[in-house]
Peer 1: 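Okay, here's the structure, questions in a sec.
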Amino acid sequence: MTKNLKYTKGAWYHVDGDDKLTPIDYGKEIHKYYQHWHKYLKAIEVNKDDDR
């Protein structure tokens, strides 16, 4: 998610280290995003329960 992005030819692409453009797989990006936040929220819940 921290890669450089470029909009060209009507679509968004990741820019690789060698300036190669890789199309964004939106399904994969969304899955990774929600997976990250799910883990983060679970960690908060555990810490919240420990504080009681």
Side-chain angles (χ1 to χ4, degrees):
M1 282 195 226
T2 60
K3 296 180 181 179
N4 292 329
L5 298 175
K6 182 175 183 177
Y7 185 80
T8 187
K9 302 176 188 172
W12 286 98
Y13 295 86
H14 288 291
V15 180
D16 299 333
D18 58 352
D19 292 332
K20 180 182 172 192
L21 298 179
T22 306
I24 293 177
D25 181 350
Y26 290 101
K28 183 179 175 183
E29 296 286 331
I30 291 168
H31 177 76
K32 284 176 20 181
Y33 175 83
Y34 281 106
Q35 189 176 33
H36 166 78
W37 282 105
H38 179 72
K39 288 179 184 176
Y40 177 73
L41 292 174
K42 285 288 188 185
I44 290 174
E45 287 177 11
V46 169
N47 288 336
K48 188 176 178 182
D49 291 339
D50 290 345
D51 291 341
R52 290 183 185 171

Peer 1: Supply the atom-to-atom distance L41 CG to H36 NE2, rounded to the nearest 0.5 angstrom.
Peer 2: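 If I round to the nearest 0.5 Å, the distance is 9.0 Å.
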Peer 1: Once you round to the nearest 0.5 Å, how far does CG of D25 lie from NZ of K32?
Peer 2: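 It comes to 9.5 Å.
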Peer 1: Quick one: list whatever passes side chain to side chain contact (heavy atoms under 4.5 Å, CB included) with Y40, sequence neighbours left out.
Peer 2: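 Partners of Y40 under the side chain to side chain contact (heavy atoms under 4.5 Å, CB included) test: W37, I44.
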Peer 1: Is there a side-chain contact (heavy atoms from CB on, under 4.5 Å) between V15 and T22 once you walk through the steps?
Peer 2: CA-CA 7 Å; V15 180; T22 306; over 6 Å; no
Peer 1: My understanding is that only residues two or more places apart in sequence, or in another chain, count here; which of them pass ring pair (Phe, Tyr, Trp, His ring centres under 6.0 Å) with Y26?
Peer 2: none
Peer 1: For D18, give me all partners under side chain to side chain contact (heavy atoms under 4.5 Å, CB included), at least two apart in sequence or on another chain.
Peer 2: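 So D18 forms a side chain to side chain contact (heavy atoms under 4.5 Å, CB included) with D16, K20.
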Peer 1: Rounded to the nearest 0.5 Å, what's the gap from NZ on K6 to CG on D19? Could you check?
Peer 2: 8.0 Å
Peer 1: Side chains of T8 and L21: closer than 4.5 Å at any heavy-atom pair?
Peer 2: yes
Peer 1: Just jot down the side chain to side chain contact (heavy atoms under 4.5 Å, CB included) partners of K39, sequence neighbours excluded, or say none.
Peer 2: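 So K39 forms a side chain to side chain contact (heavy atoms under 4.5 Å, CB included) with Q35.
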Peer 1: May I ask you to test the H14-N4 pair for a side-chain heavy-atom distance under 4.5 Å?
Peer 2: no
